[in-house]
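One structure is given below, represented as structure tokens, and several questions about it will come after.
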Amino acid sequence: MSEAQVTQETTQYQEINDLLSKNKHYKEGFVTTTAVETFEKGLNEAVIRAISAKKNEPQWMLDFRLKAFAHWQTLEEPHWAKAEYEPLDYQDYSYYSAPECGACSEGACSTESEETIDPEVAKAFAALGVPIQGEDSNVAVDAIFDSISVSTTKREELAKLGIIFCSFSEAVQDYPELVQKYLGTVVPYHDNYFAALNSAVASDGTFVYIPEGVRSPIDLSTYFRINEAKTGQFERTILIAEKGSYVSYLEGCSAPVRDTYQLHAAVVEVIVHEDAEVKYSTVQNWYPGDEDCEGGILNFVTKRGICEGKNSKLSWTQAETGSAITWKYPSCVLKGDNSIGEFYSVALTNRRQQADTGTKMIHIGKNTRSTIISKGLSAGKSDNTYRGLVKIAPSAEGARNFTQCDSMLIGDQCGAHTFPYIEVENASAQVEHEATTSRIGEDQLFYCQQRGISEQDAISMIVNGFCKEVFSELPLEFAQEAEELLAISLEGSVG
Amino acid sequence: MLLKVENLQAQIEEKQILKGLNLEVKPGEVHAIMGPNGSGKSTFASVLAGREDYEVTEGSVEFDGEDLLEMDTEERARKGVFLAFQYPVEIPGVSNKLFMQTAVNAVREEKGLPPFDMFDFDEYAQEKIELLNMRPDLLERSVNVGFSGGEKKRNDIFQMALLEPKLCILDETDSGLDIDALRVVANGVNALRSEERSFIVVTHYQRLLDYIKPDHVHVLYNGRIVKSGGFELVHELEENGYDDIIQQYQGE
């Protein structure tokens with residue numbers, strides 16, 4: 001602890017900043033070296049056709065891609081978020097990268113059996129603690145490495161219940177009618193710039209289908225890993241919960257330490273039918289980049305779910321600690337009467353990270369309810385923004401929303417911003433918004449230290465106290481992981 | 001000797017506040033430090049506790065045979081220096097229980113004792129709650145959040161009881177307290193008095209001292225102790241104020 005001592009002239013905030021900037025503990029930052037097939041950099045129609053051919057896709061999927069690509073070319077990169085970055089050179093990325101497995105033939109690389117997993121890739125997931133061999137009995141895992149899914153566990157067990165849990169590429173092959181029915185229905189290809197890009201070059205993702213009346217007995221999860229440099233990951237995930245079903249779905253993400261920005265532009269579509277419930281949890285730990293956040297992941301994601309049926313419920317919970325820039329608004333379209341949307345978020349930014357994240361709650365059905373709890377933590381020289389929309393349509397008789405946005409500043413060089421947009425078109429609606437901003441102060445730290453508690457323990461105690469409401473919504477193991485991640489992200493010089 | 005302060009000089013933002021303070025405290029003694037506003041009372045308390053805003057420019061402080069000024073704040077706390085705050089700080093979302101369990105275990109680690117688990121700590125804390133007549137829900141609440149001024153001070157005294165320090169410094173704990181709260185604080189202090197434990201009670205007012213009855217009373221003025229005496233000095237001050245003492249001192 002004594003190494004944290006600084007000269008008397010430096011203020012405690014500088015000291016905290018120093019502690020924070022010493023964080024080099026991005027332990028997921030290793031690189032896996034294996035034979036890979038990576039497309040040449042560049043984006044054009046030929047590349048899209050090649051991706052589609054690589055995946056052996058049917059015509060309708062290729063058409064979807066081409067339509068999206070044509071539209072994307074008419075769009076301009078959005079820069080309205082409170083995050084600054086140079087316009088990206090989309091020709092400087094590769095849009096397909098996959099570990100080569102000699103065992104499988106051209107086009108069938110979205111493999112399912114364990115024997116064909118590249119040992120280096122398997123090692124990478126083992127190091128990340130992802131049980132891709134099905135060794136964890138409480139969770140089924142879809143492991144995605146760059147552009148493809150390398151393993152999906154527990155599929156047979158789930159299949160007995162009628163649950164489909166596979167990679168998106170496989171779903172296109174094996175369940176084309178389901179994919180066609182839902183693809184682009186919640187997030188249309190023309191929704192926004194990055195959604196259009198994703199629709200054009202979608203790599204892999206997860207496909208989940210829970211049949212009527214089935215409660216998934218285990219959590220389903222996807223682990224996304226970006227490995228190749230200068231590669232984009234554009235996963236497409238679709239989750240469908242039929243009438244009266246339930247599923248808890250988790251996703252985790254990480255990437256190696258690279259010196260150039262990597263692009264992650266995912267689209268997630270969730271469809272929740274009558275009386276069904278979906279709990280969607282994310283622990284995002286993409287590489288944030290170096291001291292100045294150079295080389296981190298640009299996380300431009302469109303996640304949206306629709307509560308299609310009566311009494312349906314969709315709950316988004318996210319713990320965001322990584323990425324150089326985060327642009328992400330998991331949203332709920334509350335169409336069914338009495339449907340419920342929830343958004344619980346902890347976003348931590350440090351160094352020069354920039355996060356612009358929040359949610360949209362679109363109330364259409366009668367007596368729909370939504371809850372938004374957002375906790376933003378800013379440290380270092382970072383900027384952390386909550387941006388949220390609560391929209392009550394004229395049809396949403398008796399709709400209710402409760403929003404709470406709390407920001408905590410750690411140090412004196414970071415920023416916290418809140419942009420709540422509220423549009424109410426039905427007079428019977430009730431919308432509440434509460435916001436607070438606090439600062440981990442010198443006084444709080446001194447108080448803790450005077451009781452014998454070290455500065456690091458004090459910070460993590462205060463931070464965890466602040467995030468408690470959100471962490472309690474995460475599945476237990478995930479909550480623990482999130483707490484640890486926060487501690488690591490805030491870790492300083494304590495040995 | 002538990003505490004030996006010699007020629008202590010300290011400044012904040014280039015402004016000299018303590019100008020050569022001397023004080024000796026033996027185990028079990030209760031010392032009161034009084035003085036007009038701006039005399040340096042709170043600075044003295046803060047310097048002993050290790051607040052970094054203050055820079056020590058001269059002098060030495062020996063605590064239990066060790067150089068106190070060499071230690072950082074948490075080390076001092078772990079070795080038995082406790083400061084009851086003039087304005088105890090709020091920590092939202094952190095329960096008093098977690099906060100104090102962490103603190104107590106830090107002190108226990110320093111003493112080479114095994115940490116208390118939740119159950120050990122609960123039992124231990126219950127004893128102290130009963131000893132001090134505190135409300136039983138005290139542990140479940142967030143640290144000082146939504147506490148009245150009196151409750152915050154009581155919580156500080158409760159923390160003091162849990163940490164069992166060697167030296168308790170009360171920095172104007174009595175300011176802003178009504179007579180009932182004052183009595184609770186004073187009773188807490190009296191309950192914790194022992195042959196090994198010493199107190200430095202920094203205050204403006206005589207009221208608290210009437211309950212605590214210190215062994216030694218010092219008047220601090222302009223960064224120095226200008227007069228020391230027994231409990232009778234409290235009443236002398238009550239009748240004549242500080243002016244006589246200050247004039248006497250300035251005349252010297």
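All chains are named by letter (A, B, ...) in the order of the sequence lines, taking the proteins before the strands, and each is independently numbered beginning at 1. Note that the coordinates shown come from a computational prediction; the quantities given were computed from them, not determined experimentally.
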Does NZ belonging to A:K468 count more than 12 external heavy atoms closer than 6.0 Å?
yes
Rounded to the nearest 0.5 Å, what's the gap from CG on A:D457 to CZ on B:F99? Could you check?
11.5 Å
If a pair satisfies side-chain hydrogen bond (donor to acceptor under 3.5 Å, both in side chains) and one of its residues is in residues 101-115 of chain B, list it, with sequence neighbours excluded.
B:K79-B:E110
Given B:V81, B:I91, B:V107, B:L83, the one with more heavy-atom pairs under 4.5 angstrom with chain A than any other is B:L83
Using a cut-off of under 4.5 Å for heavy-atom pairs, which of B:A103, B:S95, B:A106 has the most such pairs with chain A?
B:A103
I need the minimum non-hydrogen distance between B:E74 and A:I453, along with the two atoms involved.
CB-O, 4.0 Å
Non-neighbouring partners of B:D137 that pass salt bridge (Lys or Arg N to Asp or Glu O under 4.0 Å), sequence neighbours left out:
B:R135
For residues 138-149 of chain B, give me every residue with a non-hydrogen atom less than 4.5 Å from any non-hydrogen atom of chain A.
B:V143, B:N144
Determine the option with the most heavy-atom pairs under 4.5 angstrom with chain A, choosing from B:P92, B:A49, B:G93.
B:G93
Tightest non-hydrogen contact, residues B:A77 and A:G452, listed as CB-N, 3.3 Å
Side chain, backbone, both or neither: which part of B:L162 has an atom under 4.5 Å from a heavy atom of chain A?
neither
Scan residues 63-97 of chain B for pairs that pass ring pair (Phe, Tyr, Trp, His ring centres under 6.0 Å), counting only residues two or more places apart or in two chains.
A:F446-B:F85, A:Y447-B:F85
So for B:P88, is it side chain, backbone, both, or neither that comes closer than 4.5 Å to the heavy atoms of chain A?
both
Between A:C448 and chain B, which part of the residue has a heavy atom less than 4.5 Å away: side chain, backbone, both or neither?
both
What distance do A:Q449 atom CD and B:E75 atom CD have between them, rounded to the nearest 0.5 Å?
12.0 Å
Mark yes when over 12 heavy atoms from residues, nucleotides or ligands other than B:R197 sit less than 6.0 Å from its CZ; otherwise mark no.
yes
Stepwise side-chain contact (heavy atoms from CB on, under 4.5 Å) check, B:V104 with A:R451:
CA-CA 8 Å; B:V104 165; A:R451 299 300 181 251; over 6 Å; no
Begin from the C-alpha positions of B:S46 and A:Q450 and carry the test side-chain contact (heavy atoms from CB on, under 4.5 Å) through to its verdict.
CA-CA 10 Å; B:S46 297; A:Q450 213 299 308; over 6 Å; no
Has B:K19 got more than 12 heavy atoms of other residues, nucleotides or ligands less than 6.0 Å from its NZ?
yes
What part of B:L163 lies closer than 4.5 angstrom to a heavy atom of chain A: side chain, backbone, both or neither?
side chain
